[in-house]
Protein chains: 2
Amino acid sequence: MRRMTARPANAHQARLLKLLRDGGPNSRAQLGDQVDLSRSKLAVEVDRLLETGLVVADGLAASRGGRRSHNIRLNPELRFLGVDIGATSVDVAVTNAELEILGHLNQPMDVREGPVAVFEQVLSMAAKLKASGLAEGFDGAGIGVPGPVRFPEGVPVAPPIMPGWDGFPVREALSQELGCPVMVDNDVNLMAMGEMHAGVARSVGDFLCVKIGTGIGCGIVAGGEVHRGATGSAGDIGHIQAVPDGRPCACGNRGCLEAHFSGAALARDAVEAAEQGLSEELAGRLEANGTLSAVDVAAAAAAGDATSLDLIREGGDRTGQVIAGLVSFFNPGLVVIGGGVTGLGHTLLAAIRTQVYRQSLPLATGNLPIVLGELGPTAGVIGAARLISDHLFSPA
Amino acid sequence: MRRMTARPANAHQARLLKLLRDGGPNSRAQLGDQVDLSRSKLAVEVDRLLETGLVVADGLAASRGGRRSHNIRLNPELRFLGVDIGATSVDVAVTNAELEILGHLNQPMDVREGPVAVFEQVLSMAAKLKASGLAEGFDGAGIGVPGPVRFPEGVPVAPPIMPGWDGFPVREALSQELGCPVMVDNDVNLMAMGEMHAGVARSVGDFLCVKIGTGIGCGIVAGGEVHRGATGSAGDIGHIQAVPDGRPCACGNRGCLEAHFSGAALARDAVEAAEQGLSEELAGRLEANGTLSAVDVAAAAAAGDATSLDLIREGGDRTGQVIAGLVSFFNPGLVVIGGGVTGLGHTLLAAIRTQVYRQSLPLATGNLPIVLGELGPTAGVIGAARLISDHLFSPA
DNA sequence: CCGGCTTTGTCCTGTCAGTGGAGAAAGTCG
DNA sequence: CGACTTTCTCCACTGACAGGACAAAGCCGG
């Protein structure tokens with residue numbers, strides 16, 4: 001199949017495409033109910049969309065007591081590629097135009113190997129997905145990187161944990177390789193978009209999405225729009241001071257949140273605890289694997305290891321204190337916790353909640369749910385697909 | 001004169017009104033350059049606005065080498081009332097439709113006297129402004145209160161420092177008394193709007209406006225729009241923890257920013273220092289007045305008093321630490337410092353800057369101006385007038 | 001099988017917003 | 001006084017859109 005190149009010609013068409021994406025197949029009449037256009041005008045726009053091939057009419061729906069309606073849906077052959085580059089792994093997924101995941105691959109990989117090596121990996125994963133028959137090509141791709149991005153250009157800027165990526169033209173390079181439009185964003189923003197599209201944050205206008213993985217970041221959604229900040233570094237909360245004169249951080253300061261709690265910090269603390277003989281559980285795991293990760297701590301905690309539970313609780317306290325400040329400041333309607341360490345589950349969540357509810361003002365916390373993300377590792381790739389679909393489903 | 005009741009009939013008219021408000025008088029041709037409409041269409045819309053009386057054509061401009069143009073301007077008889085209720089004083093100003101202040105009154109008053117007493121005061125000040133011939137009536141009023149507001153209804157909610165105001169229908173009551181439309185917002189948000197309209201934040205899309213007065217608050221502007229949060233309490237940063245296990249705060253917690261630095265905290269610390277004999281300068285002033293305020297500390301500091309300078313510096317450090325976190329989180333393009341304690345001037349500013357530049361990431365601070373507000377005590381009333389004019393200059 | 005009823009989709013006409021060109025009005029300048 | 005410029009007005013043409021009439025296609029009960 002030849003890839004789609006059409007874009008909606010006007011705001012009406014854009015609106016219709018997004019309704020079909022978010023609400024699934026619909027009859028013309030159902031669309032008319034949602035879009036405040038006359039039936040005639042609607043019919044015209046739908047016909048034009050049918051001509052472009054962006055949507056198709058396949059078959060008739062069951063009757064509801066009258067003439068049967070045509071099923072209007074997004075072209076089922078459209079394919080988006082969602083790429084989520086984490087600090088230590090790469091996720092690549094194919095979705096249809098309704099952003100349903102058709103195939104998903106995950107591969108451990110260190111971003112610090114640089115853009116060239118990572119791109120090679122991403123492309124080979126995309127090729128594998130294609131080879132398995134899920135796609136013949138891609139109509140668009142979204143990609144998230146673990147650092148600040150100059151959004152309009154799709155270029156990472158001054159990323160602390162990914163040297164070598166600074167200024168690398170991610171958007172342009174990937175667009176060239178894949179032969180389709182590409183949008184680039186920070187991975188945390190994409191997670192927020194994912195949860196907003198298909199996760200816990202559906203229909204919430206203002207929320208925060210805290211991602212705790214190798215580092216810590218926070219997606220900010222205000223009025224339904226992702227807030228990226230003046231230089232694309234909004235949400236970079238890993239280096240907010242959590243502990244005065246605390247642990248030294250890679251950034252040069254002391255007491256940064258990330259230095260006290262994150263996947264990396266937790267692993268480090270666990271190794272320390274094991275070596276000091278504080279926990280047999282952790283020591284055993286360290287001996288077995290030669291190293292420890294957040295997953296080990298989670299497992300040890302699940303097995304009742306007190307030291308691990310303490311580590312998690314303490315980290316949750318630190319994180320909760322910082323989030324409490326952000327809640328006072330931003331007054332979100334929802335806080336989503338996600339990322340690798342969500343395996344720590346309810347021990348972590350309880351600690352965070354306690355701190356936030358204790359420290360923030362009642363008005364801000366009165367009706368504030370603090371919940372785990374619903375989509376887990378797929379939030380990023382869904383958000384990435386959503387990013388590019390938002391772009392392609394807007395008037396050119 | 002009968003008050004204006006007309007509103008723009010469509011988006012074009014709204015756009016034109018705002019251009020005239022922000023850019024002053026213009027010819028039809030100049031308007032046409034800014035609005036992307038054909039001359040004919042523009043002429044039609046301008047004529048309709050002339051019919052409504054919202055704008056007037058008074059006289060001809062000097063020729064620029066051809067036919068002289070008509071001066072189109074907002075009706076110079078339009079009057080807005082801007083009200084800024086602070087914790088300890090009330091500001092009331094009259095503006096024309098271009099939001100220029102025609103008259104401004106300030107009166108000390110404690111908000112805790114409750115809405116009835118404060119309203120009486122506001123109305124008498126408004127009456128005095130009318131009596132002095134500045135206005136025959138008001139076409140709209142904006143009012144800021146020092147606490148969270150449920151914005152759509154214009155009702156304060158759970159305001160910590162203004163008991164008795166909770167749920168009081170400010171908008172409705174004032175609208176009834178003045179006989180014109182009224183909008184209500186948090187005072188800090190209005191300060192931000194004021195600085196955005198006519199102050200240092202002109203043409204900045206994302207910025208923070210920290211107001212340090214009796215308490216501390218922060219106006220948040222994202223994408224040119226004020227962010228009010230899920231329950232209207234966004235920007236309430238006074239109770240973010242600045243010092244672990246620090247001073248007890250009225251809110252029940254310890255170490256809140258406001259407990260360590262604010263007009264009230266500074267006065268308290270100054271009295272303490274004077275009583276402990278740490279500063280002759282302050283002790284002298286305390287003896288003279290029987291009390292000390294932030295103004296005294298500012299004066300003492302200006303006179304070189306080391307203790308006062310230390311107090312200011314320490315407060316600036318605390319505030320700077322909190323702002324540093326907010327800068328990392330929000331990544332603003334500008335930080336404005338305003339409110340009563342800006343009399344502390346550059347000592348304060350320097351301390352804040354030092355902390356922010358030291359603690360926030362380079363990308364977020366690289367090109368981040370941290371400046372004092374330009375409008376001083378008029379920021380609030382200008383912002384209030386702007387609020388209601390934004391409302392009235394939008395299609396009904 | 002037929003006629004009333006419902007729902008869906010199509011067609012057509014009238015209205016209104018908006019464009020762009022012609023030209024009138026009112027200047028400047030040499 | 002005439003050539004040129006700028007501003008504003010008028011008018012005819014286009015296209016977006018609403019809303020009603022109507023056709024198509026189903027249901028159901030008799």
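Not measured: the values here are computed from a predicted model. Letters A, B, ... mirror the listed sequences (proteins, then strands); counts begin at 1.
For the OP1/OP2 pair of dT9(D) and a distance below 4.0 Å, the side-chain nitrogens and oxygens of Arg28(B) include at least one atom meeting the criterion. For the pair His12(A) and dA16(D), the criterion of a side-chain N or O lying under 4.0 Å from OP1 or OP2 is not met.
Of the listed nucleotides (dT10(C), dG21(C), dG27(C)), dT10(C) has the atom at the smallest distance from the side chain of Arg39(A). In this structure, the nucleotide among dA17(C), dG27(C), dA16(D) sitting nearest to the side chain of Arg48(A) is dA16(D). Here the nucleotide nearest the side chain of Ala43(B), chosen from dG27(C), dT9(D), dG18(C), is dT9(D). Taking only side-chain atoms of Ser38(A), from C-beta outward, the nucleotide of dG26(D), dG19(D), dT19(C) with the closest atom is dG19(D).
Counted within 6.0 Å of CD on Gln176(A), heavy atoms from surrounding residues, nucleotides or ligands total 12 or fewer; the atom is thus considered open. Enclosure of atom CD in Glu225(B) is not indicated, since only 12 or fewer non-hydrogen atoms of other residues, nucleotides or ligands lie within 6.0 angstrom.
A salt bridge links Asp390(A) to Arg21(A): one of the charged nitrogens lies within less than 4.0 Å of a carboxylate oxygen. Taking a cutoff of 4.0 Å between a charged side-chain nitrogen and a carboxylate oxygen, Asp185(A) and Arg386(A) do not qualify as a salt bridge.
Whole-Å rounding puts the Asp33(B) CG to dC8(D) C1' distance at 14 Å. Atom CD in Gln30(B) sits about 13 Å away from atom P in dT6(D), given to the nearest Å. If you take CG of Asn71(B) and C1' of dT7(D), they are 13 Å apart, rounded to a whole angstrom. Atoms CG (Asn26(A)) and C1' (dT8(C)) sit 14 Å apart, rounded to a whole Å. Rounded to whole angstrom, the span from the CG atom of Leu31(B) across to the P atom of dT7(D) amounts to 12 Å. Rounded to whole angstrom, the span from the CG atom of Leu37(A) across to the P atom of dC17(D) amounts to 7 Å. Atom CG of Asp47(B) is separated from atom C1' of dA17(C) by 16 Å (rounded to the nearest Å). Residue Gln13(A) contributes atom CD, which lies 11 Å from atom P of dC17(D) at whole-angstrom precision.
Residues satisfying the salt bridge (charged side-chain N to carboxylate O under 4.0 Å, His left out) criterion with Arg48(B), sequence neighbours excluded, are Glu45(B).
Remark: the Arg67(A) side chain and the dT8(C) base include a donor-acceptor N/O pair separated by less than 3.5 Å. Ser40(A) contributes no side-chain N or O that forms a donor-acceptor pair with the base of dG9(C) under 3.5 Å.
Ser69(A) comes within 4.0 angstrom of sugar-phosphate atoms only, judged by non-hydrogen atoms across all strands, and of no base. Among the protein residues, Lys41(A) comes within range of the sugar-phosphate backbone only, with heavy atoms under 4.0 Å from sugar or phosphate atoms but none that close to a base.
Here Asn26(A) contributes atom CG and His70(A) contributes atom NE2; the two are 14.5 Å apart, rounded to the nearest 0.5 Å. Taking CG of Leu31(B) as the start and CG of Leu20(B) as the end, the distance is 5.0 Å to the nearest 0.5 Å.
A heavy atom lying under 4.0 Å from DNA chain D marks none of the residues of residues 17-25 of chain A.
Comparing Leu60(B) and His70(A) by the nucleotide of DNA chain C whose heavy atom lies nearest to each, the residue mapping closer to the 5' end is His70(A). Two residues, Leu42(A) and Ala29(B), neighbour DNA chain D, and the one matched to the more 5' nucleotide by heavy-atom proximity is Ala29(B).
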Any chance you could lay out the side-chain contact (heavy atoms from CB on, under 4.5 Å) test for Val35(A) and Leu16(A), step after step, and finish with the verdict? CA-CA 8 Å; Val35(A) 88; Leu16(A) 291 171; 4.2 Å; yes

